[in-house]
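Down below is the structure, laid out as structure tokens.
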Amino acid sequence: MSSRGATAVLSRASRIRSKLQTALEATVLEVDDVSYQHAGHAAVKGSSDKETHFNLNIVSPKFEGQSLVKRHRLIYDLLADELQSGLHALSIVAKTPHETNPSE
């Protein structure tokens, strides 16, 4: 028995969301596809891939004690297969829960 949902191909945004949520246990995870803003750029001209540029806003306790560079490296490592298969650019905001609400 096969369900329709199990065979559906996930969008890149859905895959990104799933990978980041699973690994980072994010309390906030926003994945915005802004590829339309870059449709004419040389790096994506002629490409059939429509999901190439994303803005990420992530709040995770896993970022505690990590520099901004280490946070970004972690995210890039988690998305390495996406970057090798058509993902072109990420804009990342990566914060700890304390950084978003210092009174707690």
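Scope of the values below: all heavy atoms of this structure, side chains included, with no hydrogens, waters or symmetry mates.
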Worksheet item: Mind checking whether Leu79 and Leu56 have side chains closer than 4.5 Å, heavy atoms only?
Response: yes
Discussion item. Does any part of the side chain of Leu74, heavy atoms only, come nearer than 4.5 Å to the side chain of Phe63, both counted from C-beta?
Written reply: yes
Item to complete: Any salt bridge (Lys or Arg N to Asp or Glu O under 4.0 Å) involving residues 61-70? Give me the pairs, sequence neighbours left out, ordered by first then second residue.
Response: Glu25-Lys62
Worksheet item: Quick one: do Phe54 and Tyr76 end up in the same hydrophobic cluster if we chain Ile, Leu, Val, Met, Phe, Trp and Tyr together by side-chain heavy atoms under 4.5 Å apart?
Response: yes
Worksheet entry | Under 3.5 Å donor-acceptor, Arg15 side chain and Leu10 backbone | yes
Discussion item. When you measure from the side chain of Ser18 to the backbone of Ser14, do you find a donor-acceptor pair of N or O atoms at a distance under 3.5 Å?
Written reply: no
Discussion item. With clusters defined by side-chain heavy atoms of hydrophobic residues (ILVMFWY) lying less than 4.5 Å apart, directly or transitively, does Leu20 cluster with Leu83?
Written reply: yes
Fill in: Under-4.0 Å salt bridge between Asp81 and Lys19
yes
Worksheet item: Any side-chain heavy atom of Ile58 within less than 4.5 Å of one from Lys95?
Response: no
Worksheet item: Pick from Asp32, Leu29, Val93: which one makes a side-chain contact (heavy atoms from CB on, under 4.5 Å) with Asn57?
Response: Val93
Fill in: Rounded distance [0.5 Å steps], CG in Asp33 versus CG in Asn55
9.5 Å
Discussion item. Donor-acceptor check, side chain of Ser60 to backbone of Leu24, threshold 3.5 angstrom: yes or no?
Written reply: yes
Item to complete: Supply the atom-to-atom distance His88 NE2 to His53 NE2, rounded to the nearest 0.5 angstrom.
Response: 4.0 Å
Worksheet item: Heavy atoms, side chains only, cut-off 4.5 Å: are Leu87 and Ile16 in contact?
Response: yes
Worksheet item: Is there side-chain contact between Val59 and Thr96, with heavy atoms separated by less than 4.5 Å?
Response: no
Item to complete: Begin with the C-alpha distance, continue with both residues' side-chain angles, and end with the deciding distance and a verdict on side-chain contact (heavy atoms from CB on, under 4.5 Å) for Arg12 and Ser85.
Response: CA-CA 10 Å; Arg12 187 181 309 273; Ser85 65; 3.5 Å; yes
